[in-house]
Amino acid sequence: MTLEVADPQDGLVVGHVCVSTAEDVKRAIGHIHRHLQFADWPLRARREALEKASRMLGEQAERFAAIIAAESSKTIVEAEREVRRCRETLRLSAAAAEELVGETLAFEDSLAAGNKVGWYSRKPVGIVAAITPFNDPLNLVAHKLGPALIGGNGVVLKPSGRTPLSGLALVQVLLEAGVPSGRIAAIVTGGGVSEALITDERVDLISFTGGPVTADRIAAAAGAKKILSELGGNNATIVCADADPETAAESIVAGAFGVAGQNCLSVQRVYAHISLFNDVLAHVVRGTKSLTTGPKLDRATDVGPMISEAEARRVEEWVAEATAAGGTLHAGGKRRGAYYEPTVLTDVPSKCRVIRDEVFGPVVSILPFIEVQDAIYAANNSDYGLQAGVFTRSIDQALAIADKLHVGAVVINETSDLRIDSMPFGGFKKSGVGREGVRHAVREMTEPKNTIINLGEPPR
């Protein structure tokens, strides 16, 4: 049985993949489990394989960008950018070999030491289940596979059924670069596949990127095993009274509408000081209306389609709810198939979903504030806590606000839409558990193991 992979832009089929079964999952896990028990894969070889994969990806960059653009929402420009980031992620994963070091144990400073010496080193957890979403179908796969492999683990990848081609192509490159077939496997969505993967007792760690509802189901089904989850955001940007409204607006437009807003770091809520509110709004509206929504392969296109018409309809409903509740529409608000025009709202009540939940679409709401503490309270008044932005000319004010925002990262004089692949990435509350970012993921996917030697009675 095969799954058709369709371009969300026009519904045309761009590929077919074999649908997996629960039995396929068991076989994949069993194969990796046997390999981990009996076949060594030295750290040097792991590092060299990832370095080679990064080079090979560079040689095939045009092909990979075409795959991403064909199966996902990304424009060709966004797809090319993702390929470059994926190369960086693989390179950083190879360099993270340096994280696999330990320390000597301080027996000399212990009353229970006796005549003993020891040390700890970092060892792989075992088998990692990597479950990835559609919005970054290549680089988010690399963020799970690279750290898992350099750490010495085996890994089973389950890419999004909407965008499986990019992840499967990356697995093929990794195999060609020297990753043993007993260290990596890929399965595609099918009946019972997810449950078989997350409940198998031989899986030691689950690394999941997706929504909190799915994460709750995974945690309930998986039982007592380590789970790393990156669950999205409802990100705020605060524009203070001393900020430059035009500069802030330019960043807000870029951060709100990239990948048609289907980005966990997307700017969703903007709190602008009342003295700048009209200026910020005017610049954002002007910038939004200048964006081109259109075909993904046209390099003049700024915003492509959403991942499906159903998702575009959902966003349409959320915006309609906001305007019915008193919100004012300044730009966008129109849907054409899977396309939804970049949309700017004001006057939206806090009860509306475009304020309360993660939109994951091209919608930004701009709201005024008078006192900075009110903006901080409003920004924190969310179930999510991934990242936030602050615009101000005062470093003292910037750091004071950053200290009070309950998020995983605060970006000063930029929006929430910023990530480098080496930084610890994740958030508070429903934005996830644990941290990605290559070096930090390697530590999550390995554990310290003590080795202790009893030297016996010391010489007299």
Side-chain angles (χ1 to χ4, degrees), residues 233-261 263-292 302-303 327-332 341-348 350 354-355 358-359 361-382 384-420 427:
N234 177 349
N235 306 298
T237 288
I238 298 173
V239 184
C240 297
D242 64 343
D244 175 29
E246 187 170 3
T247 299
E250 183 179 347
S251 294
I252 289 164
V253 170
F257 303 127
V259 200
N263 172 12
C264 62
L265 295 177
S266 178
V267 182
Q268 183 170 327
R269 296 172 291 146
V270 174
Y271 298 98
H273 190 267
I274 193 166
S275 65
L276 296 181
F277 179 80
N278 288 332
D279 283 344
V280 170
L281 175 61
H283 287 303
V284 169
V285 170
R286 188 178 303 115
T288 301
K289 289 182 175 180
S290 73
L291 297 175
T292 299
D302 300 300
V303 181
T328 302
L329 180 68
H330 295 269
E341 290 185 1
T343 297
V344 181
L345 296 169
T346 60
D347 309 311
V348 182
S350 60
V354 295
I355 298 294
E358 182 179 28
V359 175
V363 179
V364 65
S365 297
I366 305 178
L367 303 162
F369 72 89
I370 298 174
E371 301 294 339
V372 169
Q373 57 263 35
D374 295 330
I376 296 170
Y377 176 84
N380 284 336
N381 189 25
S382 169
Y384 296 90
L386 186 53
Q387 295 194 172
V390 177
F391 284 87
T392 176
R393 288 184 171 93
S394 167
I395 188 62
D396 291 341
Q397 179 165 249
L399 295 178
I401 294 173
D403 186 59
K404 297 297 183 183
L405 289 171
H406 195 48
V407 294
V410 178
V411 189
I412 297 169
N413 290 325
E414 253 295 354
T415 69
S416 57
D417 187 27
L418 178 69
R419 179 184 182 183
I420 62 170

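- For the side-chain hydrogen bond (donor to acceptor under 3.5 Å, both in side chains) test, residues two or more places apart in sequence or in another chain that qualify with Thr247 are Asp244.
- A distance of 14.0 Å separates CG of Leu345 from CZ of Arg269, quoted to the nearest 0.5 Å.
- Phe391 CZ to Ile238 CD1: the interatomic distance, rounded to the nearest 0.5 Å, is 11.5 Å.
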> Checking side-chain contact (heavy atoms from CB on, under 4.5 Å) for the pair Thr288/His330: CA distance, chi angles, key distance, verdict?
Replying inline: CA-CA 10 Å; Thr288 301; His330 295 269; over 6 Å; no

> For Leu386 and Cys264, what are the C-alpha separation, side-chain angles and deciding distance, and is it a side-chain contact (heavy atoms from CB on, under 4.5 Å)?
Replying inline: CA-CA 8 Å; Leu386 186 53; Cys264 62; 3.9 Å; yes

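- Atoms CG and CZ, on Asp417 and Phe257 in that order, are 12.0 Å from each other to the nearest 0.5 Å.
- Under the rule for a side-chain hydrogen bond (donor to acceptor under 3.5 Å, both in side chains), Tyr384 has no partner lying at least two apart in sequence or in another chain.
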Hey, can you pull the donor-acceptor pairs under 3.5 Å for the side chains in residues 403-414, sequence neighbours left out?
{"from": "Asn413", "atom 1": "OD1", "to": "Thr392", "atom 2": "N", "distance (Å)": "3.0"}
{"from": "Asn413", "atom 1": "ND2", "to": "Thr392", "atom 2": "O", "distance (Å)": "3.3"}

Under 3.5 Å, side-chain donor or acceptor atoms of residues 279-286 against the rest of the protein: list the pairs with distances, not counting sequence neighbours.
{"from": "His283", "atom 1": "ND1", "to": "Arg286", "atom 2": "NH1", "distance (Å)": "3.0"}

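- By the side-chain hydrogen bond (donor to acceptor under 3.5 Å, both in side chains) test, Gln268 pairs with Asn234, sequence neighbours left out.
- For the atom pair CG of Asp347 and OG1 of Thr328, the computed distance is 3.5 Å after rounding to the nearest 0.5 Å.
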> So Ser266 and Glu358, side-chain contact (heavy atoms from CB on, under 4.5 Å) or not? Walk me through it.
Replying inline: CA-CA 9 Å; Ser266 178; Glu358 182 179 28; over 6 Å; no

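- In this structure, SG on Cys240 lies 14.0 Å from OH on Tyr271, to the nearest 0.5 angstrom.
- Taking the side-chain hydrogen bond (donor to acceptor under 3.5 Å, both in side chains) definition, one finds that Asp302 meets it with nothing, sequence neighbours left out.
- Annotation: the span from Leu265 atom CG to Leu418 atom CG amounts to 8.0 Å, rounded to 0.5 Å.
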